[in-house]
Structure formats: structure tokens, C-alpha cells
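Throughout, protein chains are lettered first and strands after them, A, B, ... in sequence-line order, and every chain is numbered starting at 1. Here the structure is a predicted model, which means the values were calculated and not measured.
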Protein chains: 2
Amino acid sequence: MSNLTLEDIARRVGVSRSTVSRVVNNHPNISEDVRTRVLAAIDETGYQPNAAARSLASQRSQTLGLALPQTVSSFFTDPYFPHLLKGISEACNQHDYALTFFLITCKDDEKKIFPKISNKSFLDGVLVQSGHHGDQQIIGHLVDANKPLVVLGRPFRVDNVSFVNVDNVKGAYTAVSHLIRLGRRRISTITGPLASTVGLDRKEGFLMALGERGFRKNDKLIVEGDFTEQGGYYSMQTLLRENPDAVFVASDVMAIGAIRAIQESGRRVPEDVAIVGFDDIPLSTITDLELTTIRQPVIETGVRAVEVLIDLIENGTDFPQHIILDTKLVVRSSCGSKS
Amino acid sequence: MSNLTLEDIARRVGVSRSTVSRVVNNHPNISEDVRTRVLAAIDETGYQPNAAARSLASQRSQTLGLALPQTVSSFFTDPYFPHLLKGISEACNQHDYALTFFLITCKDDEKKIFPKISNKSFLDGVLVQSGHHGDQQIIGHLVDANKPLVVLGRPFRVDNVSFVNVDNVKGAYTAVSHLIRLGRRRISTITGPLASTVGLDRKEGFLMALGERGFRKNDKLIVEGDFTEQGGYYSMQTLLRENPDAVFVASDVMAIGAIRAIQESGRRVPEDVAIVGFDDIPLSTITDLELTTIRQPVIETGVRAVEVLIDLIENGTDFPQHIILDTKLVVRSSCGSKS
DNA sequence: CTGAAAGCGCTTACAG
DNA sequence: CTGAAAGCGCTTACAG
């Protein structure tokens, strides 16, 4: 079906190819009569414009790239990614762009993917999930290629790059302030990977909240995690040696592991150890405990990133846009208070 | 960078456009001398072929589509999907195809996506994750459009459609046989969604193993799950009223929930209730319990699907190929025996 | 082994 | 509001 061309439709309706093209592309200034007849012919025949011809003539591919440098194992276990993908995919669909997906696993992948991704005619713009040092290369590459680009997350180097991020510092700050307000005094944290900006930013918020309230910094109450449940479990075991009365865990998935470690050690949540997570992604309820957490708008992050990117493409906005989305404290039972 | 055309390279080297094209496309019968000089020029200039022009002339887009009808909430919580995506993405990269991603969330999406997906010039072929009744429509659509198609999973109607699937019946059969061999007598199951072929097939394997050993079918020992941890938890609570001494859970994620329910009820795994899962995807270890499970080759499923699809596209193999991958019983501690 | 030329199916000034 | 025509940048028989 549909080896039809514009020409075929034109002949059928008795107008020129140009006119059919204008109808297809919703140009103004077409007589109602002609428009109707062309549309009818398209409908009857099932005509579909040839995408390649269109791109070639218009110099637009109407497709966006998404590059996921798979620097992290949490890609397979954290619901963050599917949610992000959903937001991106929906927004693309909404705006009539297609989405081309690149999972960058190894150096070999890069060699094949880099040229594709920066190819002028192939993608109108690209989204890069980032926040690791290792990702700087691909970002640099794209910037050099002068390709419209929006980073998901905060890149290490921010100059000249647009990004959409969540306010991680403030989110963590809010979480820890909540614990302080509830009277906790030995507040610990399981961070994200400290090679990533997410990890660093949430740690910074943690330190900021404590510092402001005159807590002395205690490195033994800070353990680096990796955004996996296992990681949360082991990190918590380490922390428990220091007898914390609270823990801010930089992701809900890790919080599940942390809770397991706490309970196995014979301590109770929240009585002995209060816990706040980060994400608020639908998770298993652990026993009858519900997790207090920082909600971040993951789907919206994806949607906004697509919108910014399309704006860059279509309106040529050339100064970098930095969008920081807000988070929200969601109080449940894992801190022992509903206030 | 790279608004260069073939013509530019040709002029630079002093050959014709055709010759440069042949070098770029690795055609045989090019003198070594010319090839070297052309390659050098390409290297120096950073020339990249225009993808749209290429597609238009060759009638090939070198891109595959992946459609995920998101009929299931498990998309967000089951590591199955990221693994599948990884396999697909790697294979595409390997074979120099790009991958375009479609998440079909609602009817509205379909209206926009269907035409794109069947557009002759846009995708050379498409992969559809399937197994739900609801997916028949998109498959039918693609078959009508005569588009090279490979289904991931077993579609409800198999005629004329190629697919790559895992031997779910046999996998489940093996799991349950293992439980029988260990002397369990009240063997229950939490199935997958019974609107899906995965769910149905694994249930069939369960029934087959029991039937063969002369067990009477007991509907109370069969509860439908939904592939989520929560679902596993609640389904198990229902099953526990029947006092099973074993349970075959149709996914590892649900098994986590089931174990939680069992332990909360004061029973022990494996002493009181033995449990076998399905997937063998890296999961949190639950306490010090390790899950006996059926390993299925998820990444390989993705890889094979891509390979079959590319074969359909490039070699025009037109009889449907049905590939069934084998599973493997992985014995750990959740059944109480290492034998 | 190489080149000239037609053709892929659109878009888009330009002219009217 | 509509059409004729140039042009987007490749591939690929065809001829030599």
C-alpha cells in the first residue's frame, strides 16, 4: 500500500503537485473546495508522504535522538528510566516528531553512534541523559557539530548547553530539614554515585541542611551508593555501625534496600531509624511501611526536555536554556510523623 | 560541520560523484588508489552522507521501528523491558540500523503512530512487543501494509507472522516438575495476566506438569497476577488461605512480593512454602534467600528478533519464521534443595 | 574500474 | 489561491 506519490493525488484531483503538498502540510491560503477534495483523495487512497523525500527537500527529519550513555547499572532496575522514556515519547508523539533511541554501552558503540547522532540530515536535535564525567565527550561532540541539544540532568559543564533538571540540592535539603525538624540528631545519608551530578547535588543539599542547623560534618555518616537496591542494603549496613537515628537515601530503590538492612539488624523504622527517600516512584510497600520521600517529576522532565529541544530547532533560540523543576516532600510513615 | 556533499568530495579528489558513492558504500571494483584518496578526503573533511538523500535514492531507511503497546503497568517495574531494549539496541547498532521507538499508551497515540509505523519510506521493518489481545490490531495493520515485521513474544494469531519467543510452556513445566520432584504436594501458582500469551503459556506449563503426575486440577491454587511486586504480594495472600506447600510464580518481580506475603504470614521459605520464579533477572536478594527460577534469555530475544527482521528485509525471506528460545532451571535456596 | 545521467518524491521561492 | 520549475543529495543501471 501507498507507493502513491503527490503526483498521483494531484492527477486524481486535477490540481498541481504543489497544491497537494500545501494541503498535506496544512498551509494557509488553500480554497476550502480544493482542500476538501484533496483530503478526500488522500483518505480514499491511503496516500502517505515519503518521509525521505520530505526530509531531503525540507532539510528537516522530524526526528529527535535520545542518547543514553549507560554509565549506570541502575538503568535496568530503576523505574526512573521507563518513566523518563514515557515522558519523552509522549511529547514527541504530541509534537509529531519521531524518536530514535541510542543506548551507548561501550566504546565500540560510540564509534558507530557518534557520527549518526551528529549527522545533520538524520536528526533534527538530540536529547542526552547525562550527569557523569564520561558523558562530557558526547556532549562536546554534539556541541561541536552545532546540533540542537538538550541534556537531561545537570551536565558537569553547563556553558552553552541547555538542560532540564530537577532541583536536587533543594530536594535533599528539604528531606534532611524534615528529619531535623522531627528531632533526629544523628542523620546519615546514602548518596548516589559521586561521579554524577545527581549524586553530588543531593549530597550537597544534605550537607547544607545540616550545616545551617549547626550540625558538625561527620564523614562516617555519609556512604556512597549506586542507585540499586543491593547498594542501598550494603551501604546501610555500613552506616548502622555508626548508629544513626535517621537516613536520607538518595533514591527510593536504595531506600528499599536500606530498610531491609535496618530491619534485619533488629532496629525498627521509624522508631530507631527514620528514613526519607527520593523519587516517589510507585514502589512495593515494604511490609506496612510507607516511604516518606521527595517526589520528582520524572515524566515532566522528559516532556519539558522535548519541548525545549523543539523550541531550539524550530525557533532557533540559541542561548542555552536551563530549566530546573521543583520537587516536593511527600510525608508518609517512614519518619514516624505525619506532620 | 558537514554540509559537504558527494560532489564536494568528488571535486576535491578529482573523480566523479558515482565513484565517491561507491567508496562510501564499500562497493567492490574500485582501484585501491582511488579508494585510498577518497577515504582520505572524507576523513579530512568529516564528510557524512545525507541520510535522507540516501534513503530516497535507495528506497531504504536503514532504520527499524520498535513498538511497545504499553498494555501493562509492568513496563515501569520489570527489568525485562530494559534488558530487551538493550538486546535490540545492540543488535541494531551491530548491523548499522537505527532504532525508532514508539510507546503506545492510548488510542490517541495509535492514530498518530500507525501511519508512521507503516509508512513505507520511514521504517524498513518493525518489531512489535506483543502477546495481548489488544495488540492484534497493530499487528494486523502492519501485515496489511505488507511491512517486514517480527513480533517479540507469541502473538495470539501466529499465521503469517514471524516471532521470537521463549519456551514459556516448557519453562513453567520444568519449574513445577522441580517442585514435584522435591516432594511438594500442594503446588500453587501465581500466573501472569491471562489476557497475554506469556501468562497463558506459563499457566499451561504448570497444569501440564501437574497433570502428567496425576495431580488433580485445583482452581483455588491458581491466582492471576499482573507481573508487579504488589500483585505478587496480594495474590500470594489469597493463595495462602489454601495452605500451599509450594508456589510457581510467573515472574521474579512477583516472587519478591510473594515471599514477602509468605514471611509476613509467619511461614518460612522454603520449609513451609517452596518457591520458583521466572526470569532470573538480577534482583535484590530477599534476606538471605536466593530465588530458584527459570532463566530466560531476554537480551538474546532482542538480538534474535533484530536479526530475523533484518533477514526479512534484506533477503526478503517471506515465510514466517518462528524462533523459540530455551529456558533453564536455576536452582538456588528458595526450594530448600540444591539438587 | 569509472563517468554521465536519470531518477527517487518531496518543498518552496517565484510568478501570476 | 494556484502552478511550473528548480533543487534537496544521493544511488544505480547503462555504457564504455
Base, sugar-phosphate alone, or nothing: which one does [X] contact when heavy atoms must sit under 4.0 Å apart?
| X | answer |
| --- | --- |
| B:Gln59 | sugar-phosphate |
| A:Val24 | nothing |
| B:Ser21 | base |
| B:Val34 | sugar-phosphate |

Selection from [options] that lies nearest to any side-chain heavy atom of [X]:
| X | options | value |
| --- | --- | --- |
| A:Leu6 | D:dC10, C:dG3, C:dC10 | C:dC10 |
| A:Ile30 | C:dG9, D:dT2, C:dT2 | D:dT2 |
| B:Ala53 | C:dG9, D:dG9, C:dT2 | D:dG9 |
| A:Tyr47 | C:dC10, C:dG9, D:dT12 | C:dC10 |

(request) State, yes or no, whether a side-chain contact exists between A:Gln48 and B:Lys120 at a heavy-atom distance under 4.5 Å. (result)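 No; the side chains remain at least 4.5 Å from each other.
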Counting only side-chain nitrogens and oxygens, does [X] get under 4.0 Å of the OP1 or OP2 atom of [N]?
| X | N | value |
| --- | --- | --- |
| B:Asn50 | D:dG9 | no |
| A:Ser58 | C:dT11 | no |
| A:Arg22 | D:dC1 | no |
| A:Ser31 | D:dT2 | yes |
| B:Ser18 | C:dT2 | no |
| A:Ser16 | D:dG3 | yes |

(request) Using heavy atoms to find the nearest nucleotide of DNA chain D for A:Arg17 and A:Pro28 separately, return the residue whose nucleotide is more 5′. (result)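 Here A:Pro28 is the residue nearer the 5' end.
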(message) Whether the side chain of B:Lys112 engages the backbone of A:Gln94 through a donor-acceptor N/O pair (distance < 3.5 Å, no angle test) should be reported.
(response)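 The answer is yes, because a donor-acceptor pair under 3.5 Å joins these two groups.
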(request) Please determine, for D:dA13, whether a Watson-Crick or G-U wobble partner exists with both distances under 3.5 Å, and give it or none. (result)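 No nucleotide pairs with D:dA13.
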(request) Can you label the angle between the A:Phe114 ring and the A:His141 ring as parallel, tilted or perpendicular, going by 30° and 60°? (result)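 Answer is tilted, since the angle falls between 30° and 60°.
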